[in-house]
2 protein chains.
Amino acid sequence: MILKSQVEWALHCCAILAGLPKGRYLSTKALAELHGLPKEYLSKALQSLSQASLVETTLGPSGGYRLAKPPSDINFLEIVEAVEGKARSFTCTNIRANNPCRPEGYCDSKPCAVARIMWEADEAWRDTLRRVRLSDLVGTLSEEVPADIWRSTFEWVLKRAG
Amino acid sequence: MILKSQVEWALHCCAILAGLPKGRYLSTKALAELHGLPKEYLSKALQSLSQASLVETTLGPSGGYRLAKPPSDINFLEIVEAVEGKARSFTCTNIRANNPCRPEGYCDSKPCAVARIMWEADEAWRDTLRRVRLSDLVGTLSEEVPADIWRSTFEWVLKRAG
DNA sequence: GAATTAAGGATATATCATATCCGAAAACCG
DNA sequence: CGGTTTTCGGATATGATATATCCTTAATTC
């Protein structure tokens with residue numbers, strides 16, 4: 001049960017977008033080069049963010065991506081689900097129904113007890129991600145990343161934003 | 001990020017094993033037929049449980065599997081990790097290190113801030129599973145499954161246990 | 001000795017993540 | 001206007017992994 005690497009990429013890209021000056025766009029190319037990622041494939045992750053309305057786009061030179069909402073209005077779960085999908089990690093195939101001792105038309109009132117427990121764990125995972133906002137990440141990063149690296153990173157990135 | 005179907009199989013099989021009379025073994029064949037699963041492949045899941053010391057085995061006719069510990073001493077996480085592995089769902093490839101603005105030998109003191117958050121969610125998932133014991137599942141099942149089906153299931157299964 | 005069983009290696013197949021390429025439409029710039 | 005840059009989506013290729021089956025070996029029962 002491993003998350004797509006695009007989840008990691010999307011989170012790091014959102015952190016960068018959150019630190020951009022108001023209104024500025026950043027292209028796939030710039031984000032890919034900053035993180036050392038394959039441009040064409042990273043593009044798919046960014047498209048997922050766009051479809052989830054987490055980012056806005058514009059075309060042409062000086063085009064690219066920017067956040068559609070303030071970083072405090074975006075949580076981790078939104079980003080993760082945008083690229084990973086909203087499906088639960090445990091899928092119940094209802095194998096209890098194969099029990100030969102069950103009467104033919106027997107219909108269960110509740111979902112499987114095993115599935116309920118697995119889905120509860122899934123919800124705990126989602127709750128944790130839902131509670132962390134993108135702005136929290138940006139706060140942590142600006143504390144932990146040395147100020148000069150932090151600053152030069154955005155200079156580097158803005159130079160590529162036209 | 002989908003769990004293996006063997007996780008579902010292992011959980012249901014453990015629930016059955018937990019309801020067996022003290023000391024009795026149940027074969028792969030019986031468990032496969034009860035759940036309508038491919039015998040050879042289910043066998044791999046049961047082998048995983050065996051390697052994790054959650055079940056004991058014996059060979060020959062009337063052989064098979066039984067729990068190695070009382071159901072109250074086995075939690076969901078143990079079963080899930082036995083077949084799914086203990087790896088975290090989020091793997092950090094440290095893409096921040098690709099940032100061209102970082103000095104050459106720069107060494108981060110802490111693991112990546114993104115990874116720390118994702119791992120925290122992972123821990124919440126594990127904590128939930130750790131808190132649920134196999135005996136809890138058995139309790140729920142014996143409440144919810146109609147008594148006659150519950151009873152005939154074990155008669156059916158014991159007939160196949162030699 | 002014959003039948004049954006778990007264990008594990010080898011292999012085949014299917015599904016999905018990863019990755020690349022291309023064309024279309026939109027935006028910018030001369 | 002025409003050329004460049006960009007996002008977007010479709011098509012396709014590749015690699016890894018889940019799923020599934022088969023077979024051999026050793027242990028156990030009768």
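The structure presented is a predicted model; accordingly, all values stated were derived computationally and were not measured. Here is how names work: the chains are called A, B, and so on, in the same order as the sequence lines, proteins then strands, and each is numbered from 1.
Whole-Å rounding puts the A/E8 CD to C/dA17 P distance at 16 Å. Separating the CG atom of B/L42 from the P atom of D/dA18 is a distance of 17 Å, rounded to the nearest angstrom. Here D/dT17 presents its P atom at 10 Å from NZ of B/K4, a figure rounded to the nearest Å. For the pair B/Y41 OH and C/dA10 P, the interatomic distance rounds to 18 Å; values are reported in whole Å. Atom CG in B/L37 sits about 18 Å away from atom P in D/dA18, given to the nearest Å. Taking atom CD of A/E56 as the reference point, atom P of D/dT6 lies 19 Å away to the nearest angstrom. The interatomic distance linking B/R24 (CZ) with D/dT29 (P) rounds to 14 Å, in whole Å. As rounded to whole Å, 12 Å separates atom C1' of D/dT6 from atom OH of A/Y25.
A donor-acceptor contact under 3.5 angstrom links the side chains of A/S43 and A/Q47, judged on distance only. There is no side-chain donor-acceptor pair under 3.5 Å between B/S48 and B/Q6.
A/L134 and A/V145 fall within a single hydrophobic cluster, where Ile, Leu, Val, Met, Phe, Trp and Tyr are joined by side-chain heavy atoms under 4.5 Å apart, directly or via other members.
Test A/R130, A/K4, A/K86 against A/E81 for salt bridge (charged side-chain N to carboxylate O under 4.0 Å, His left out) and you get one pass: A/K86.
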Which atom pairs link the protein and nucleotides 2-7 of chain C when you take only N or O atoms and keep those under 3.5 Å?
| residue | atom | partner | partner atom | Å |
| --- | --- | --- | --- | --- |
| C/dT5 | O4' | B/G60 | O | 3.3 |
| C/dA6 | OP1 | B/T28 | N | 2.9 |
| C/dA6 | OP1 | B/T28 | OG1 | 3.3 |
| C/dA6 | OP2 | B/T28 | OG1 | 3.3 |
| C/dA6 | O3' | B/T57 | OG1 | 3.4 |
| C/dA7 | OP1 | B/S50 | OG | 2.9 |
| C/dA7 | OP1 | B/T57 | OG1 | 3.4 |
| C/dA7 | OP2 | B/Y65 | OH | 2.4 |

Taking it one step at a time, do A/K29 and A/E33 satisfy salt bridge (charged side-chain N to carboxylate O under 4.0 Å, His left out)?
-> CA-CA 6 Å; A/K29 188 159 175 287; A/E33 288 174 357; 3.5 Å; yes
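Using modelled atom types, no side-chain atom of A/N94 and backbone atom of A/A97 make a donor-acceptor pair closer than 3.5 Å.
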